[in-house]
Amino acid sequence: FHKKFTHSILLKLLIHTACLIERTLINGHELKIISEDDTRPSHETIFHVKKAFKNIKTEFGITVSYDECFFIYDIIASKSNNCFIELSTS
């Protein structure tokens with residue numbers, strides 16, 4: 001992404017990333033996104049999000065799911081008010 005993030009977006013990304021690591025390592029849960037609309041990022045966008053989180057995969061052994069990538073994309077695109085979050089126990 002070639003975008004300068006606001007402090008608000010950076011804070012959301014930091015908090016989400018910390019919770020992603022904790023949620024996955026401790027509880028084994030991942031987020032499932034239920035969108036009010038069917039707007040989904042392209043596979044290229046998901047690829048770039050996964051690439052940005054490569055160090056998390058390396059350091060913690062966590063694979064960032066498509067739904068997690070979608071939520072991260074949603075934070076970056078500042079459209080998070082259009083989505084609901086649901087925790088998956090599987």
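Sequence positions, counted from 1, serve as the residue numbers for this chain. Keep in mind it's a predicted model, so treat the numbers as computed, not measured. Below, each value reflects all heavy atoms present in this structure, side chains not excepted, and no hydrogens, waters or symmetry copies.
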Roughly how far, to the nearest 0.5 Å, is the [atom2] atom of [Y] from the [atom1] atom of [X]?
{"X": "L25", "Y": "I62", "atom1": "CG", "atom2": "CD1", "result": "4.0 Å"}
{"X": "I72", "Y": "I76", "atom1": "CD1", "atom2": "CD1", "result": "7.0 Å"}
{"X": "F53", "Y": "I21", "atom1": "CZ", "atom2": "CD1", "result": "8.5 Å"}
{"X": "S42", "Y": "H48", "atom1": "OG", "atom2": "NE2", "result": "7.5 Å"}
{"X": "I9", "Y": "I75", "atom1": "CD1", "atom2": "CD1", "result": "9.0 Å"}
{"X": "K12", "Y": "T17", "atom1": "NZ", "atom2": "OG1", "result": "13.5 Å"}

Cluster overlap [X] with [Y], hydrophobic side-chain contacts below 4.5 Å:
{"X": "L20", "Y": "F47", "result": "no"}
{"X": "V49", "Y": "I15", "result": "no"}
{"X": "L10", "Y": "F71", "result": "yes"}
{"X": "L13", "Y": "F60", "result": "yes"}

| Where is the tightest heavy-atom contact between C69 and K50, given as atom of each residue plus distance? |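 Answer, listing the atom of C69 first, then K50: SG-CG, 3.4 Å.
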
*Identify the heavy atoms of I46 and F70 that sit nearest to each other, and give their distance.*
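The answer is CD1-N, 4.1 Å.
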
Is it the case that the side chain of K57 and the backbone of V64 share a donor-acceptor pair, with hydrogens and angles ignored and the cut-off at 3.5 Å?
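Not confirmed, K57 side chain does not pair with V64 backbone.
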
